[in-house]
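By convention in this document, chain letters (A, B, ...) are assigned in the order of the sequence lines, proteins followed by strands, and residues within each chain are numbered from 1.
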Protein chains: 2
Amino acid sequence: MNKRVTIKDVAKKTGLSISTISLVINNKGNVREETKKKVLQAIEELGYYPARSAKSLASRETGNIGFILTEEHFSRSEPFYTKIFLGTEFESRAYNYYVLLTTVPTQFSKNAVPRFLLENNVDGVIFAGKINQRYVKYVEELGLPYILVDYDLPGKKVSAVMIDNVGGGEMATEHLLNLGYRKIAFIGGDIEHPSIKGRFEGFKKALEKAGVECDKDMCVVGEPDTRVINGYRACEKLFTVLKPEAIFAANDAMAIGCLRFLKEKNIKVPDEVAVVGFDDIDACIHVEPRLTTVRVEKEELGVVAVKHLVEMIKKPNFGITRVYLPVKLIVRDSCGAGKKGLVVFNDGQVNESLT
Amino acid sequence: MNKRVTIKDVAKKTGLSISTISLVINNKGNVREETKKKVLQAIEELGYYPARSAKSLASRETGNIGFILTEEHFSRSEPFYTKIFLGTEFESRAYNYYVLLTTVPTQFSKNAVPRFLLENNVDGVIFAGKINQRYVKYVEELGLPYILVDYDLPGKKVSAVMIDNVGGGEMATEHLLNLGYRKIAFIGGDIEHPSIKGRFEGFKKALEKAGVECDKDMCVVGEPDTRVINGYRACEKLFTVLKPEAIFAANDAMAIGCLRFLKEKNIKVPDEVAVVGFDDIDACIHVEPRLTTVRVEKEELGVVAVKHLVEMIKKPNFGITRVYLPVKLIVRDSCGAGKKGLVVFNDGQVNESLT
DNA sequence: ACTATTTATTAAAGCGTTTTACTAAACATA
DNA sequence: TATGTTTAGTAAAACGCTTTAATAAATAGT
């Protein structure tokens with residue numbers, strides 16, 4: 001093919017040295033305005049663009065960000081982390097970075113270390129979701145800046161962008177309380193997960209504030225994870241003994257599991273039981289009834305993570321940043337708010353997602 | 001930080017030259033088994049791994065694959081191309097590639113050229129979905145191998161992995177015919193799109209085979225694109241004049257649009273109208289009734305694209321590959337198959353996606 | 001006018017690999 | 001034994017940049 005044009009060609013064309021060309025490109029050193037112009041023009045005319053590999057080698061900057069996800073999270077149908085990823089992907093471009101995605105097994109293992117770390121091929125790392133502490137430690141020892149998204153390392157001060165889980169849990173519960181429900185159940189799944197824990201905390205906080213006692217039997221938190229099937233089972237468990245007026249599920253998947261169970265048992269939602277979820281995944285508007293939930297701005301999580309990570313890359317000893325992203329109650333049909341004549345502060349009941 | 005260990009360190013430790021180390025790593029040249037062992041051990045002990053940037057610079061291989069998507073397709077909620085992307089992402093890792101994603105505007109523009117092309121930072125390119133021909137040309141002129149996914153360039157022999165749209169359209173239509181429907185409508189959106197065109201073709205083919213006349217008025221193909229809202233509108237248009245017994249929508253989004261309209265008008269699905277979609281997006285199992293559709297293996301599209309692209313990268317003049325991925329009818333509730341006592345050859349009616 | 005300082009440019013080293021051409025040793029061939 | 005052929009290993013150039021230290025020219029200070 002037509003040979004690649006290099007910095008040498010630009011030097012030759014302008015009669016300057018390659019050093020000068022480099023300085024102009026990177027806006028460094030003292031270069032006369034006039035020569036700058038000349039160089040820029042030559043670059044334009046030749047269609048020159050610095051080769052990434054050479055630039056990386058010389059400058060020790062790769063222009064890449066690593067994105068590490070535990071394998072379970074990458075399950076091909078899980079949209080939550082996919083969206084976070086797309087957010088980082090999108091935002092990275094604004095900062096002229098590319099993001100390299102990889103998954104790692106839950107357990108740390110020497111030969112599960114992401115290749116981009118071994119190859120020295122990233123300038124910083126984003127960890128999304130639950131992650132084994134040893135991966136973080138590995139990255140730390142490399143001296144790379146990193147940030148966690150939607151997770152936190154207990155007992156370790158790390159940079160992280162998190163969801164306001166407590167606030168969201170409170171919000172959802174308060175909403176149910178405001179609608180007059182008192183016997184409210186909580187369905188949680190893996191309560192060890194910081195996010196679930198936070199949502200549960202918010203749940204209890206709201207109840208306490210309202211002076212409603214939190215019935216332990218109404219809190220099903222034993223399931224191993226937060227998939228639909230476990231929501232279904234938790235709901236089943238719940239209804240064998242009790243009859244809650246409302247359910248707050250720690251995420252939409254589980255909430256949808258509840259909906260499934262209730263539909264099977266012919267228990268009407270929201271007339272007999274109200275259901276509120278958390279996350280606002282796409283499915284919410286497709287299920288029947290449409291699910292009231294707490295919206296997490298998933299892409300935004302990724303976006304914010306990139307913003308901070310880039311800061312950290314640019315400025316060494318930037319320090320630790322910890323940010324909590326606000327959430328928002330999205331009222332739809334599964335909580336009975338409409339029925340009860342409540343003002344629905346929702347954005348676009350009818351047309352939403354008619355995309 | 002602890003300084004990076006380089007090939008020099010390995011050379012020093014083994015008392016060999018760096019050339020030999022390199023040869024061992026890349027399994028080239030003539031190196032005694034014995035020395036090979038020695039080198040490998042030293043590498044192991046030192047924890048050496050070749051730096052990507054240096055390797056790239058010297059070998060002119062980047063280890064990256066570019067993934068180019070038109071902006072509309074990247075709309076953050078569009079799961080179709082996201083899944084294709086995840087498929088490539090996943091498969092790439094098996095081949096030790098990373099994939100760099102970028103979007104481009106619909107119209108070609110000199111300064112919309114993906115940075116990874118300018119930087120010489122990819123070994124090959126995947127184009128997903130509808131793409132302006134000039135981008136393809138640009139890549140071609142760079143001498144880079146490339147492959148299209150879910151699109152084709154009319155009048156140009158390019159490598160591509162496509163869906164069997166015609167077969168799928170035929171399948172869906174035949175299914176409706178088998179159920180006894182005769183007045184079958186087609187809702188298409190952008191008929192210029194090769195995929196839609198193919199599905200329409202399959203539709204007509206099936207009708208013809210069955211000796212059923214294709215009523216032009218039953219084919220709504222004027223909408224600008226295939227979003228939910230346009231399915232809604234097309235359906236509305238349809239029902240102002242006609243009363244089809246069944247609808248075959250060219251994709252699930254539009255099919256869901258139909259469902260919305262029909263629910264609003266209180267027209268029962270499938271009792272009064274049967275609906276079949278195409279793609280099998282996640283929402284299918286959440287809508288009411290669950291949507292019968294033609295499943296496209298979206299991740300698989302990405303996987304296959306990577307497989308072929310890697311071949312092309314490894315073997316220059318590999319030639320053109322064109323592959324059609326088969327599709328599969330997924331019978332659910334919107335077509336009335338159950339009601340009519342038909343055998344339902346579905347995988348997991350009840351538990352599917354209870355993930 | 002002479003020195004000190006600032007400004008503009010460059011030569012050259014370095015980044016960490018791959019690869020080619022070369023050498024030396026070992027082995028075959030006759 | 002002399003010669004050709006493998007085999008094993010290496011020196012050195014190349015890949016295309018950045019960056020540092022040095023130099024030269026212009027400007028300022030007295």
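Atom CG of B:L57 and atom C1' of D:dT18 are 12 Å apart (whole Å). Straight-line distance from the CG atom of B:N26 to the C1' atom of C:dT18: 7 Å, rounded to whole Å. Counting to the nearest Å, the P atom of C:dT18 and the CD atom of B:E61 are 10 Å from each other. The NZ atom of B:K12 sits 12 Å away from the P atom of C:dG16 (whole-angstrom rounding). Put simply, CD1 on B:I21 is 8 Å from P on D:dT10, counting in whole angstrom units.
Across all strands, A:K28 comes closer than 4.0 Å only to sugar-phosphate atoms, never to a base (heavy-atom distances). As judged by a 4.0 angstrom heavy-atom cut-off over every strand, A:T6 is placed among residues touching the sugar-phosphate backbone only.
The side chain to side chain contact (heavy atoms under 4.5 Å, CB included) test with B:E89 singles out one residue from B:I84, B:V306, B:V99, B:I65, and that residue is B:V99.
Using a 4.0 Å cut-off between charged side-chain N and carboxylate O, A:E33 and A:K37 make no salt bridge.
A donor-acceptor contact shorter than 3.5 Å is absent between the side chain of B:Y48 and the backbone of B:R4. Without hydrogens or angle criteria, B:T14 side chain to B:V39 main chain gives no donor-acceptor distance under 3.5 Å. Side-chain atoms of A:S56 come within 3.5 Å of backbone N or O of A:E61 as a donor-acceptor pair. Side chain of A:D150 to backbone of A:G129: no donor-acceptor contact under 3.5 angstrom is found.
Terminal axes of the helix from C:dA1-D:dT30 to C:dA30-D:dT1 (five pairs each, C1' rotation axis) are separated by 40°, to the nearest 10°.
For the segment residues 43-56 of chain B, the set of residues with a heavy atom within less than 4.0 Å of an atom of DNA chain C comprises B:Y48, B:Y49, B:P50, B:A51, B:A54, B:K55, in numerical order.
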Atom pairs, protein N/O to nucleotides 8-14 of chain C N/O, distance under 3.5 Å:
unit_1: C:dT9; atom_1: OP1; unit_2: A:R32; atom_2: NE; d: 3.4
unit_1: C:dT9; atom_1: OP1; unit_2: A:R32; atom_2: NH2; d: 2.8
unit_1: C:dT9; atom_1: OP2; unit_2: A:R32; atom_2: N; d: 3.1
unit_1: C:dT9; atom_1: OP2; unit_2: A:T35; atom_2: OG1; d: 3.0
unit_1: C:dT10; atom_1: OP2; unit_2: A:S17; atom_2: N; d: 3.0
unit_1: C:dT10; atom_1: OP2; unit_2: A:S17; atom_2: OG; d: 3.2
unit_1: C:dT10; atom_1: OP2; unit_2: A:T20; atom_2: OG1; d: 2.6
unit_1: C:dA11; atom_1: N7; unit_2: A:S19; atom_2: OG; d: 3.2
unit_1: C:dA11; atom_1: N6; unit_2: A:S19; atom_2: OG; d: 2.9
unit_1: C:dA12; atom_1: N6; unit_2: A:S19; atom_2: OG; d: 3.4

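Of the inter-residue distances, the one linking B:Y81 atom OH with B:T103 atom OG1 reads 14.0 Å to the nearest 0.5 angstrom. For the atom pair OG1 (B:T88) and CG (B:L101), the distance works out to 8.5 Å, reported to the nearest 0.5 Å. Here A:I68 contributes atom CD1 and A:I131 contributes atom CD1; the two are 6.0 Å apart, rounded to the nearest 0.5 Å.
A donor atom on one side chain and an acceptor atom on the other are not found under 3.5 Å apart for B:T62 and B:N121.
Contact check, A:R60 against C:dG16: a side-chain N or O comes under 4.0 Å of OP1 or OP2. Distances shown here put every side-chain N or O of A:R4 at or beyond 4.0 Å from the OP1 or OP2 atom of D:dC15.
Using cut-offs of 30° and 60° on the angle between ring planes, the pair B:Y138 and B:F108 is tilted.
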